[in-house]
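Following this message is one structure expressed as structure tokens.
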Amino acid sequence: MRAVVLAVLLAAGPGLAGPLSDLIFAPGAAAGAAVEVSYAHARQVPGDLPEDAALPKAVSDEVLTLALADGEAPRRVLTRQGPGTSGPAPVSEFPLAGPDPVLLFFLESTARNMAALTGGSPFYIRNRIREALGQADLGSEVTMGDLPARQIVLHPFEADPNRASMGAFAELALTLVVETEGAPRFLSLSADTAAAEGGYHETLTLMPEEE
């Protein structure tokens, strides 16, 4: 997963200035986060996919962990571990001052998998997601557990001129729940198509810290 591709895209050029992007992409926004956080990762894909290695696979009971790395240069390392694996496998490394790596992983996963399932351009999809982030407001106030948060729902392709070629992804909804107490932290992220059954659904949910 080369989430760094999306990191470069999000950091470059105008058009990513808005209430949401000011919150989650502010320089060093993720630097105040916990030393280590883990997310439960699950993905449901359409059930009638051919056996093709290039297409996304269903995922269940996988854990993504973001931790500070040892060394002179401050950075964070994202790893993944699923059932039956011998240990965590590296995903990528990210500068401490950059956007939240978990968000980058989620958005890049959505863009790449949508491109694989629709035959569309991942570059086009990334740009539409980028625009949606830049235009988004702070959504609505919610509480997740006992944590105050904002829930933002994005529809990147709602008015897209190429909707007809996107199938169920034309109605793709990206739902971000961001903690608003202290440094911004994602409590959950989900990508869902309009097809409730047999559609594409991916979630990342913050796991409780071990005591």
Got a second to check how far Leu176's CG is from Leu187's CG, nearest 0.5 Å?
->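 Leu176 atom CG to Leu187 atom CG measures 11.0 Å (nearest 0.5 Å).
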Would you say the side chain of Leu133 lies within less than 4.5 Å of the side chain of Leu174, judging by non-hydrogen atoms?
->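 SC-SC contact between Leu174 and Leu133 ruled out.
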Can you find a pair of side-chain heavy atoms, one from Leu172 and one from Thr110, that are under 4.5 Å apart?
->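 Heavy-atom side-chain distance check passes, below 4.5 Å.
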At what distance, to the nearest 0.5 angstrom, does CE of Met114 lie from OG of Ser121?
->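 That separation rounds to 10.5 Å.
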If every non-hydrogen atom of Ala132 is compared with every non-hydrogen atom of Leu154, which pair is closest and at what distance?
->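 In this case the closest contact between Ala132 and Leu154 is O-CD2, 4.0 Å.
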Looking only at non-hydrogen atoms, find the nearest pair between Pro56 and Val45 and report the distance.
->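 Answer, listing the atom of Pro56 first, then Val45: O-CG1, 3.9 Å.
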Which distance, rounded to the nearest 0.5 Å, do you find between the CG of Leu107 and the CD1 of Ile125?
->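 That separation rounds to 12.5 Å.
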Is there a path of hydrophobic side-chain contacts, each under 4.5 Å between heavy atoms of I, L, V, M, F, W or Y residues, that connects Val178 with Leu138?
->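 Yes, Val178 and Leu138 fall within the same hydrophobic cluster.
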Would you say Ser92 and Leu78 make side-chain contact, with heavy atoms under 4.5 Å?
->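 Counting from C-beta outward, Ser92 and Leu78 never come under 4.5 Å.
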Could you tell me whether the side chain of Met144 reaches within less than 4.5 Å of the side chain of Leu206, counting heavy atoms only?
->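 Side chain of Leu206 against side chain of Met144, heavy atoms only: no contact under 4.5 Å found.
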Distance in Å, Ile152 CD1 paired with Ser140 OG, rounded so as to fall on 0.5 Å steps |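 Rounded to the nearest 0.5 Å, the CD1-OG separation comes to 8.0 Å.
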Shortest non-hydrogen contact from Pro101 to Phe94?
->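 Closest approach of Pro101 to Phe94: CB-CD1, 3.4 Å.
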Is the shortest side-chain N to carboxylate O distance from Arg150 to Glu141 below 4.0 Å?
->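 Yes, this pair counts.
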How far apart are the closest heavy atoms of Ala116 and Leu55, and which atoms are they?
->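 That would be O-CD2, 3.3 Å.
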Leu189 vs Leu103, side-chain contact (heavy atoms from CB on, under 4.5 Å): CA-CA, chis, key distance, verdict = CA-CA 8 Å; Leu189 307 101; Leu103 174 66; 3.6 Å; yes
Restricting to pairs with a member in residues 163-194, which pass ring-ring contact (aromatic ring centres under 6.0 Å, His included), not counting sequence neighbours?
->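 Listed by first then second residue: Phe169-Tyr200.
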Counting only N and O atoms by type, is there a donor-acceptor contact under 3.5 Å from the side chain of Thr85 to the main-chain atoms of Gln81?
->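 Not a single qualifying donor-acceptor pair exists.
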Any idea which heavy atoms bring Ala149 and Val177 closest together, and the distance?
->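 Smallest interatomic distance, heavy atoms only, reads CB-CG1, 3.8 Å.
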Side chains of Arg163 and Asp160 in contact at under 4.5 Å (non-hydrogen atoms) |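 The answer is yes, as the side chains (C-beta and beyond) meet within the 4.5 Å cut-off.
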side-chain contact (heavy atoms from CB on, under 4.5 Å) evaluation trace for Phe105 with Leu66 | CA-CA 11 Å; Phe105 173 91; Leu66 182 65; over 6 Å; no
Looking only at heavy atoms, what is the nearest atom pair of Tyr124 and Met166, with distance?
->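 Nearest heavy atoms, Tyr124 then Met166: CE2-CE, 4.1 Å.
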Thr65 and Ser38: side-chain donor and acceptor closer than 3.5 Å?
->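 Side chains of Thr65 and Ser38: pair found under 3.5 Å.
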Calculate, to the nearest 0.5 Å, the distance between atoms CD and NE2 belonging to Gln44 and His201 respectively.
->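 One finds 4.5 Å between CD of Gln44 and NE2 of His201.
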Salt-bridge test for Arg126 and Glu108: reply yes if a basic N is under 4.0 Å from a carboxylate O, no otherwise.
->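 Judged by the 4.0 Å cut-off on N to carboxylate O distance, Arg126 and Glu108 do form a salt bridge.
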